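Inspection log for the structure reproduced underneath, given as structure tokens.
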Amino acid sequence: LEFPVTVDGVLLTEITLRRVSGGQVTALLMEDDQEQSINRRARALVAGVHPDVLEGLWADDLVNVLDAARPFLPRALQ
């Protein structure tokens with residue numbers, strides 16, 4: 001991150017992205033099937049952070065994380 005943020009008293013300087021499992025995607029859909037909410041939560045899941053953390057990032061950091069997360073998402077959520 002170009003501009004680190006503090007989350008629960010811990011300085012977050014980088015975000016490591018990871019692929020999600022089919023079970024995680026199913027759980028995501030079961031929680032709430034509203035498209036905007038799913039996209040936001042799916043990207044946060046890939047980033048390993050709460051959706052509110054993404055919202056708290058500097059705008060350019062957020063765009064970079066969202067762009068980088070796209071290949072880690074199932075095609076249906078890209």
Side-chain angles (χ1 to χ4, degrees):
L1 299 175
E2 190 170 337
F3 290 95
V5 294
T6 301
V7 179
D8 295 330
V10 177
L11 187 64
L12 183 65
T13 60
E14 62 183 30
I15 291 178
T16 302
L17 305 176
R18 60 182 186 273
R19 297 207 181 275
V20 294
S21 70
Q24 289 173 305
V25 172
T26 299
L28 197 66
L29 295 170
M30 298 296 288
E31 285 178 28
D32 177 3
D33 63 357
Q34 300 223 359
E35 186 174 341
Q36 286 184 330
S37 177
I38 289 172
N39 287 332
R40 178 177 177 251
R41 290 181 295 116
R43 282 156 177 75
L45 182 62
V46 166
V49 298
H50 189 277
D52 291 342
V53 172
L54 291 182
E55 297 300 319
L57 296 178
W58 180 58
D60 285 349
D61 280 341
L62 176 61
V63 169
N64 291 337
V65 169
L66 297 180
D67 286 346
R70 189 171 290 116
F72 290 85
L73 295 166
R75 280 178 274 167
L77 296 176
Q78 291 182 4

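The model shown is predicted, which means the values in this text are computed figures rather than measured ones. The chain is numbered in sequence order, starting from 1. Atoms considered below: every heavy atom in the structure, side chains included; atoms not considered: hydrogens, waters and symmetry mates.
- Among residues two or more places apart in sequence or in another chain, the side-chain hydrogen bond (donor to acceptor under 3.5 Å, both in side chains) test is passed with S21 by Q24.
- Applying the salt bridge (charged side-chain N to carboxylate O under 4.0 Å, His left out) definition to pairs two or more places apart or across chains, those involving residues 67-77 are D67-R70.
- R41 contributes a side-chain N or O that, together with a main-chain N or O of L28, makes up a donor-acceptor pair within less than 3.5 Å.
- Taking the side-chain hydrogen bond (donor to acceptor under 3.5 Å, both in side chains) definition, one finds that D8 meets it with nothing, sequence neighbours left out.
- Residue pairs satisfying the salt bridge (charged side-chain N to carboxylate O under 4.0 Å, His left out) criterion with at least one member in residues 16-26, sequence neighbours excluded, are absent.
- For residues 4-26, there are no ring-ring contact (aromatic ring centres under 6.0 Å, His included) pairs, not counting sequence neighbours.
- Atoms CG and CG, from D61 and L54 in turn, are 11.0 Å apart once rounded to the nearest 0.5 Å.
- The salt bridge (charged side-chain N to carboxylate O under 4.0 Å, His left out) test applied to E55 returns R40, not counting sequence neighbours.
- Of the candidates L45, D52, V53, V53 is the only one forming a side-chain contact (heavy atoms from CB on, under 4.5 Å) with V49.
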Show which side-chain atoms of residues 10-17 pair as donor or acceptor with protein atoms under 3.5 Å away, not counting sequence neighbours.
none

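- Contacts classified as ring-ring contact (aromatic ring centres under 6.0 Å, His included) and involving residues 56-78 (residues at least two apart or in different chains) are given here: F3-W58.
- Considering only heavy atoms from C-beta on, N39 stays 4.5 Å or farther from L73 through its side chain.
- In terms of heavy-atom proximity, V25 sits nearest to P74 at CG2-CG, 3.6 Å.
- A continuous path of ILVMFWY side-chain contacts below 4.5 Å connects V7 to L66, so both sit in one hydrophobic cluster.
- The two residues A69 and V46 make their nearest non-hydrogen contact at CB-CG1, 4.0 Å.
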